[in-house]
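Structure, as structure tokens:
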Amino acid sequence: MPELPEVETIRLTLLPLIIGKEICEVGVLGRRVIEQTSRNRIRKLLFGNRINACLRRGKYLILQGKDFSLLLHFGMSGGLTFFPQGSPPHKHTHLVVRFSDRSELHYHDPRTFGRIKLYGSLSLQEIPELSHLGWDPLEEEISLSHLRQAFRRRKACIKLALLDQRLIAGIGNIYASEILFHASIDPLKPANQLSEKELGRLHRAIHGVLRGAIREGGTSIISFRNAEGKRGGYQNLLQVYGREEEACPRCQAPILNRPLGGRSTYYCPHCQKPNPDPGRTIS
DNA sequence: AATACTACCTGCGTGC
DNA sequence: TGCACGCAGGTAGTAT
């Protein structure tokens, strides 16, 4: 489910609710999402400690205390919900963190593609899942030369390169289509064949689309909710994703959906022409 | 090193 | 209604 804007939305809604709170009880339910080594340590390391920080890198969320980093990934269908008065766990709740003021944080994930892992006092760079991530578009400004270098050896199409978390961390299937539409770039174009103009537009579109989605509180197509259980609003601003056969909002041509690497890719064949570069600017 | 393919899951909408 | 089927926002592992 969540891509960078959704994880950031969860983080922003969570910050005022859990920072500084003392953990008084931890429930680990099911066995798929949390591997055995983390299960064994989780109560010992979390019990009696406070949440000092709530961070994000790419699509990962990190809850930090004095001696622990709890790493969460939401896979396709995961989420975090805060309950001010506590709540019985649902069918697909995998982790319950109870605070001393009786409020609770629940991690749920029906499809169990998400993962939770507990580390001791490591720096973020020492956490293996985070060490291979590429540039986080919000964390540090990606320069044009970064983009150029990331794509230089990539003969694969730009849509698939955008999904590669080792190059840029946080873009998923929805925002890859949206970003390429905003940048007027053909999703099938090999990443290493983008012109300087296209790289410039891509650079602006990555920031513009992701920041716009965060401003709207994320995209809620199927099930996304923030930590307070509220839907986002960016699904109303999607230009091409999920709009197969609808009219392109710019030129009225029908939107196409072609699978790339086994995943739906929505685009306008007129605004995102293979050749030549349409030279459009981003509005 | 880059690429292609597979496996891992449940839920929902659709068509019969 | 019930059932089979396809599809869904992601990543890791393996083979080439």
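Letters A, B, ... are given to chains in the order of the sequence lines, protein chains preceding strands, and every chain is numbered from 1.
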Just the rounded figure in Å: distance from [atom2] of [N] to [atom1] of [X].
X: A:H73; N: C:dG10; atom1: NE2; atom2: P; answer: 8 Å
X: A:E129; N: C:dA12; atom1: CD; atom2: C1'; answer: 11 Å
X: A:R263; N: B:dA4; atom1: CZ; atom2: P; answer: 15 Å
X: A:L260; N: B:dA4; atom1: CG; atom2: C1'; answer: 14 Å
X: A:E3; N: C:dT11; atom1: CD; atom2: C1'; answer: 13 Å
X: A:L160; N: B:dA4; atom1: CG; atom2: C1'; answer: 10 Å
X: A:K159; N: B:dT3; atom1: NZ; atom2: P; answer: 15 Å
X: A:H132; N: B:dA1; atom1: NE2; atom2: C1'; answer: 16 Å

Test of understanding: with side chain to side chain contact (heavy atoms under 4.5 Å, CB included), list the residues that count as partners of [X], not counting sequence neighbours.
X: A:S131; result: none
X: A:K230; result: A:N226, A:E228
X: A:H73; result: A:K59, A:Y60
X: A:Q193; result: A:K189, A:P190

Any residue of residues 162-172 of chain A with a heavy atom less than 4.0 Å from an atom of DNA chain C = A:Q165, A:G172

By side-chain hydrogen bond (donor to acceptor under 3.5 Å, both in side chains) - contacts of A:R153 (at least two apart) = none

Which residues pass the salt bridge (charged side-chain N to carboxylate O under 4.0 Å, His left out) test with A:E129, sequence neighbours left out?
->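 For A:E129, the residues satisfying salt bridge (charged side-chain N to carboxylate O under 4.0 Å, His left out) (neighbours in sequence not counted) are A:K117.
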
Less than 3.5 Å apart, which donor and acceptor atoms pair up between the side chains of residues 238-245 of chain A and the rest of the protein, not counting sequence neighbours?
from: A:Q239; atom 1: NE2; to: A:L237; atom 2: O; distance (Å): 2.8
from: A:R243; atom 1: NE; to: A:L238; atom 2: O; distance (Å): 2.7
from: A:R243; atom 1: NH1; to: A:E246; atom 2: OE1; distance (Å): 3.0
from: A:R243; atom 1: NH2; to: A:L238; atom 2: O; distance (Å): 3.3
from: A:E244; atom 1: OE1; to: A:N257; atom 2: ND2; distance (Å): 3.4

Quick one: name the residues clustered hydrophobically with A:V96, using the 4.5 Å side-chain heavy-atom rule over I, L, V, M, F, W, Y, and just say none if it's on its own.
->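 Grouped by the 4.5 Å side-chain rule, A:L29 form the rest of the cluster around A:V96.
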
Picking from C:dG10, C:dA8, B:dT3, the nucleotide nearest the side-chain atoms of A:Y241 would be C:dA8

Considering only C:dA8, B:dT3, C:dT11, which nucleotide approaches the side chain of A:A156 most closely?
->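 The closest nucleotide is B:dT3.
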
Answer with base, sugar-phosphate or nothing: what part of the nucleic acid does A:Y175 contact at a heavy-atom distance below 4.0 Å?
-> nothing

Touch class at under 4.0 angstrom, heavy-atom based, for A:Y234 against every strand present = nothing

Can you give the dot-bracket line for DNA chain C, using ( ) for pairs inside the strand, [ ] for pairs that cross earlier ones, | for pairs with another strand and . for unpaired bases, where Watson-Crick and G-U count if both distances are under 3.5 Å?
-> .|||||||.|||||||

Is there a side-chain polar atom (N or O) of A:K155 under 4.0 Å from OP1 or OP2 of B:dA2?
-> no

Hey, does the side chain of A:R153 come within less than 4.0 Å of B:dA1's phosphate (OP1/OP2), counting only N and O?
->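 Looking at the OP1 and OP2 atoms of B:dA1, neither is under 4.0 Å from any side-chain N or O of A:R153.
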
Decide whether A:S103 and A:R98 meet the rule of one side-chain donor and one side-chain acceptor closer than 3.5 Å.
->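 No donor-acceptor contact under 3.5 Å links the two side chains.
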
For B:dT6 and C:dG6, measure between their P atoms and round to the nearest Å.
->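 About 15 Å, rounded to a whole number of Å.
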
Supply the atom-to-atom distance A:D109 CG to A:F74 CZ, rounded to the nearest 0.5 angstrom.
-> 9.5 Å

About how many Å separate CZ of A:R263 and CD1 of A:I174, when rounded to the nearest 0.5 Å?
-> 9.5 Å

Donor-acceptor pairs under 3.5 angstrom involving side-chain atoms of residues 45-55 of chain A: please list them, not counting sequence neighbours.
from: A:N49; atom 1: ND2; to: A:L45; atom 2: O; distance (Å): 2.7
from: A:R50; atom 1: NH1; to: A:G20; atom 2: O; distance (Å): 2.8

Determine, for nucleotides 7-14 of chain B in 5'-to-3' order, which nucleotides have protein heavy atoms under 4.0 Å from the base (write B), from only the sugar-phosphate (write S), or from neither (write -).
-> -BBBS---

